[in-house]
Amino acid sequence: MKRQTQARIITLKIDGVDVAAREHETILELAQENNIFIPTLCHLDGLSEYGGCRICVVEVKGSNRLFPACMTPATEGMEVITNSERLRLYRFSILDMLFSERNHVCSVCVSNGHCDLQYLSAKLGMTRVEVPYLNPKVDVDASHEHFIMDHNRCILCQRCVRVCGEIEGAFTKGVMGRGVNTRIIHDLNGAWGDSDTCTSCGKCVNVCPTGALVEKGKSAGEMVKRRDWLPYLRLMQED
Amino acid sequence: MSEKAKLATVWLDGCSGCHMSFLDIDERILAVAELADLVYSPLVDLKVFPEMVDVTLVEGAVSSEEDYHKIQKVRAHTKVLVSLGDCAVTANVPGMRNPFKVQDILNRAYLENADLNQHIPVEVIPPLRKTSVPVHQVVEVDVFVPGCPPSADTIFYVLTELLAGRKPVMLGKTRFGI
Amino acid sequence: MMIERFEEITTEEQTAVAEHDHTVKVCVAAGCLSSQSDQVLDALKNGVGEHRGCHVKGVGCMGLCSQGPLVAVESKTGAKSGSVMYQNVKAEDAPDIIQSLGKKPVARLELKTNVPFFQRQTKIVLENCGEIDPERIEEYIAVEGYQGLLTAVTELSPIEVIDEIVRSGLRGRGGGGYPTGLKWTTVAKMDGPTKYVICNADEGDPGAFMDRSVLESDPHRVLEGMAIAGYAVGATEGYIYVRGEYPLAVERLKIAIRQANRLGVLGSKVCGTTFDFNVHIRLGAGAFVCGEETALIASIEGKRGTPRPRPPYPAEYGLWGKPTLINNVETFANVPAIVRKGGAWYAGIGTEKSKGTKVFALAGSIQNTGLIEVPMGMSLREIIFEIGGGVPNGNCKAVQTGGPSGGCIPADYFDTPVDYESLKALGSIMGSGGMIIMDDSSSMVDVARYFMEFCMTESCGKCVPCRVGTVHMHTLLNKIYKGEARRHDLETLEKLCDLVMNTSLCGLGQTAPNPVLSTLRYFRHEYMDLLVDGAEDGRGATAVDAQLLEAQS
Ligand SMILES: Cc1cc2nc3c(=O)[nH]c(=O)nc-3n(C[C@H](O)[C@H](O)[C@H](O)COP(=O)(O)O)c2cc1C
Ligand code: SF4
Ligand code: SF4
Ligand code: SF4
Ligand code: SF4
Ligand code: FES
Ligand code: FES
């Protein structure tokens with residue numbers, strides 16, 4: 001799916017506003033250029049798209065289906081709606097699913113105040129989780145010298161897996177299991193601290209949207225992530 | 001409202017932080033007092049929940065059998081029930097025990113981690129339910145005010161809106177954690 | 001020349017058959033093998049030594065698998081010429097069967113064949129199943145096998161082949177029913193030079209074994225269909241992605257590929273032309289979701305088998321990023337007959353929008369469990385009561401079609417013709433062909449719960465609504481089934497159905513709510529009867545400010 005350099009210009013509407021796009025641009029890229037907010041979780045500028053979190057779904061006039069903005073290319077004449085009541089309710093429900101899946105306790109989380117999941121819930125005006133919590137018993141891997149992987153906070157967005165493979169080239173992080181038993185693993189499911197492939201670069205920690213990957217020695221609310229470097233690295237890699 | 005409204009607060013499984021934050025509204029409590037009487041609360045000395053209360057703020061998760069019965073009684077005698085704070089809204093810290101079995105938790109707290117007098121109390125503490133759950137998993141809740149704790153400003157805003165007969169708009173006012 | 005070679009083989013086969021007065025066919029497909037039909041085959045083979053003029057061979061599935069092992073005897077001479085079928089045959093029965101050749105059949109084993117089960121079927125895909133030895137390419141050729149391929153590569157242009165498929169009206173048998181001709185056209189139009197053909201043999205629906213049967217009973221038919229497709233769309237490599245649980249199918253495919261390559265109908269210079277087509281086998285890791293086309297492609301590429309959003313469709317961006325045609329086993333198995341007999345012939349069978357035949361696996365509370373092939377448009381009633389022989393206890397309640405992606409159709413609607421559109425209108429789908437018949441002892445809530453459990457465990461975990469939503473739905477269905485749920489739980493369940501259906505990434509999640517929705521549609525009372533509080537609101541809430549409540553939600 002390589003982008004063409006000489007792209008055709010197309011026109012379409014987002015939320016009733018006429019916008020121009022380069023062909024092959026995604027709805028999300030276009031919305032961001034036009035200061036239209038579409039919530040995202042698994043998307044991160046500089047990483048390949050994943051399309052798993054579904055929080056970015058938008059409506060397209062003439063279709064009953066919903067489309068993930070991060071992976072749907074803009075097409076000529078398309079009319080995109082990013083903020084209908086229906087979408088708002090679906091987004092609440094998707095956040096419901098995420099909060100209920102693992103154990104999120106923002107008040108004592110090291111990422112409190114610096115977490116994409118928490119931020120989105122506030123930004124969308126979410127005030128409670130409707131479904132019962134699943135309360136799974138999951139592990140915390142503190143075997144790495146500098147970092148902690150707390151599966152209680154993981155939303156399986158796979159940003160860490162992608163950055164580790166695509167940018168760092170270490171391929172330490174991977175995925176195992178199915179359904180709600182899906183887990184992020186290191187190498188062949190060993191302890192992170194025992195990994196021969198991990199370069200301890202910390203990239204996964206910084207791209208992780210939640211308190212699932214954090215530096216050691218932080219207490220509640222202290223874990224601030226840095227992501228500004230990512231698009232530059234990607235650019236350098238492409239050159 | 002022609003008559004003064006009746007206000008109550010209830011303390012379930014929480015750390016009392018939300019009540020503290022309520023008190024942090026400081027002198028604005030006078031403005032609240034003009035609109036409502038505090039008819040039942042850990043802060044006032046009344047043992048029975050009144051027949052009908054206009055607004056009840058609930059702090060804390062539903063963790064024990066006592067919480068479970070109390071909240072149903074409160075619900076039955078309240079017009080507008082408010083889940084105040086993360087423990088009431090999400091089960092928060094009390095819910096952190098949920099992945100574990102009740103017996104394991106009691107053993108840990110009263111036997112393994114106790115230096116003196118190692119035994120599990122049976123009379124003083126009400127029996128724990130299998131999991132600590134948010135209030136709205138047990139009874140219908142009308143207004144949700146997340147935050148650990150919600151700020152005094154938020155609480156004051158919610159109260160004045162409710163007492164004026166309006167629905168508070170929570171967007172931008174608070175969030176999980178705080 | 002290949003055509004002469006075919007004629008030679010056919011003559012040899014016919015001569016061999018003519019030399020024998022009796023042909024004894026023993027089913028050696030998985031169903032009968034599981035009840036030791038291999039021992040029956042050995043016993044018969046050893047036994048006929050004494051009886052000249054008799055040929056014993058293993059064949060594929062004869063359809064009535066529940067009565068297996070099945071043995072069919074065809075005789076040209078003797079008191080009883082014609083064919084006889086035996087059921088539940090054991091190795092000990094071999095001497096009796098051999099004794100009876102040319103005489104009166106063995107009464108205690110005889111299976112009546114003048115019944116609707118055998119007479120009401122129309123066999124295209126299954127035409128050779130139970131007739132030929134799946135491990136001998138010669139037998140396939142003797143029944144006009146590889147004729148379609150030969151015609152295609154020597155007499156027709158790729159466009160003409162596609163035209164024939166378009167004319168036939170064939171639609172994908174893997175579940176979706178997408179027009180096959182249109183798919184082929186799309187792939188054919190893509191820029192080459194590298195393109196791929198994939199045969200989806202991951203068959204993961206619980207209870208479905210249509211594809212397995214075809215692969216075990218007539219593997220060459222599928223290879224021929226793939227090669228024709230390769231020629232039509234311009235692909236030279238084909239992959240068959242087979243479920244790991246089908247070792248016998250894999251074994252027979254391997255044999256078939258080897259034989260076809262040796263004969264020159266596959267491999268380089270197919271039938272002596274300039275067209276090359278190599279077929280490779282890939283084993284599935286046993287995950288249901290790997291049957292989804294993008295997950296399947298990822299799996300062949302050696303990655304974790306999870307779906308990705310479409311577009312781009314595999315036709316444009318498929319295996320290793322190249323244009324890829326992916327069809328189901330049964331879809332490919334229809335192709336040789338279409339090319340041989342013409343698209344118009346095929347289009348003459350079935351209904352206006354659903355052409356041809358469909359293979360179904362009958363299971364559940366039904367007299368004749370097994371595999372059948374019927375023309376599209378036959379009513380559910382004919383399938384279940386005539387061919388299937390009805391429900392043992394007489395009280396048929398519903399039929400489940402389409403597996404975990406499908407729905408339950410109540411007996412009141414059994415006059416509906418079986419085609420893609422009609423089943424969809426009833427809230428179910430054609431699916432891959434599983435039909436589970438239920439009598440009045442089954443609880444529809446339990447049925448929904450069973451399928452939800454399947455989807456929950458098979459969810460790949462990639463997208464949030466399917467991964468977590470199915471768990472919540474399963475919990476709620478459990479709660480309802482156990483009589484612990486209240487009305488608001490049912491409301492939550494319906495809301496989750498809507499969420500998972502509309503926001504999931506792939507077909508698994510998008511269709512996972514179907515069994516719930518369809519049972520709610522036709523059997524809502526069964527859910528209501530199980531609620532603690534059939535009528536009033538569940539949480540014991542009283543005197544709630546209605547205005548506030550409304551504003552909150
Ligand atoms: C969860 C899921 C599982 C599927 N499993 C199968 C399968 O086992 N076999 C199959 O042929 N198609 C399966 N499909 C459909 C394929 O994605 C694809 O549509 C089909 O192979 C196309 O072939 P057809 O056009 O010949 O039907 C599945 C789809 C989904 C969403
Ligand atoms: S990861 Fe985010 S949402 Fe989860 S507990 Fe921490 S701050 Fe809250
Ligand atoms: S620290 Fe770097 S190398 Fe190690 S797992 Fe994270 S991204 Fe991969
Ligand atoms: S650890 Fe963080 S980045 Fe990795 S999948 Fe979990 S939430 Fe996403
Ligand atoms: S719908 Fe289910 S199976 Fe499909 S991508 Fe999502 S999680 Fe995976
Ligand atoms: S941001 Fe688009 S699916 Fe996650
Ligand atoms: S497996 Fe023998 S008849 Fe089907």
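Numbered from 1 within each chain, the chains take letters A, B, ... in sequence-line order.
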Considering all heavy atoms, the nearest Ser93(A)-Leu499(C) contact:
CB-CD1, 3.5 Å
Let's test your reading of the structure: which of Pro68(A), Cys53(A), Gly174(A) forms the most heavy-atom pairs below 4.5 Å with chain C?
Cys53(A)
Which atom pair, heavy atoms only, marks the closest approach of Pro132(A) to His472(C)?
O-CE1, 3.0 Å
Look at Val131(A), Ile94(A), Leu66(A) and state which one has the largest set of heavy-atom pairs under 4.5 Å with chain C.
Val131(A)
Should we count CG of Asp191(C) as having more than 12 external heavy atoms under 6.0 Å?
no
Is it the case that over 12 heavy atoms from other parts of the model lie below 6.0 angstrom from the CD1 atom of Ile9(A)?
yes
Contacting region of Arg86(A) [heavy-atom separation from chain C under 4.5 Å]:
side chain
Which of the residues Cys42(A), Gly52(A), Pro73(A) is involved in the greatest number of heavy-atom pairs with chain C at under 4.5 angstrom?
Gly52(A)
How many angstroms lie between OG1 in Thr306(C) and OH in Tyr50(A), if you round to the nearest 0.5 Å?
6.0 Å
Stepwise, does the side-chain contact (heavy atoms from CB on, under 4.5 Å) test hold for Thr457(C) with Arg178(A)?
CA-CA 7 Å; Thr457(C) 31; Arg178(A) 251 186 259 167; 5.9 Å; no
Does NZ belonging to Lys195(C) count more than 12 external heavy atoms closer than 6.0 Å?
yes
For Met71(A) against Pro309(C), the heavy-atom pair lying closest together:
SD-CG, 3.3 Å
Drop me the distance from Asn181(A)'s CG to Ser459(C)'s OG, to the nearest 0.5 angstrom.
10.0 Å
So, for Thr182(A) and Gly461(C), which heavy atoms are closest and what is the spacing to 0.1 Å?
OG1-CA, 3.6 Å
I'd like to know whether Leu134(A) forms a side-chain contact (heavy atoms from CB on, under 4.5 Å) with Val468(C), so could you lay out the CA-CA distance, the side-chain angles of the two residues, the decisive distance to 0.1 Å, and finally the verdict.
CA-CA 9 Å; Leu134(A) 297 180; Val468(C) 196; 4.1 Å; yes
What option among Cys455(C), Ser504(C), Gly321(C) has the most heavy-atom pairs under 4.5 Å with chain A?
Ser504(C)
Against chain A, work out which of Asp498(C), Thr470(C), Leu476(C) has the most heavy-atom pairs shorter than 4.5 Å and name it.
Asp498(C)
Start with the C-alpha gap between Leu496(C) and Met97(A), add the side-chain angles, then the distance that decides, and say whether side-chain contact (heavy atoms from CB on, under 4.5 Å) holds.
CA-CA 10 Å; Leu496(C) 285 167; Met97(A) 296 301 112; 3.4 Å; yes
Glu316(C), part contacting chain A, at a heavy-atom distance under 4.5 Å:
neither
Please report the closest heavy-atom contact between Ile155(A) and Arg467(C), naming both atoms and the distance.
O-NH2, 3.3 Å
State whether the number of non-hydrogen atoms from other residues, nucleotides or ligands found under 6.0 Å of Arg22(A) atom CZ is greater than 12.
no
Looking at every heavy atom in both Gly177(A) and Arg304(C), which two are closest together, and how far apart are they?
O-NH2, 2.9 Å
Under a 4.5 Å heavy-atom cut-off, does chain C meet the side chain of Phe67(A), its backbone, both or neither?
neither
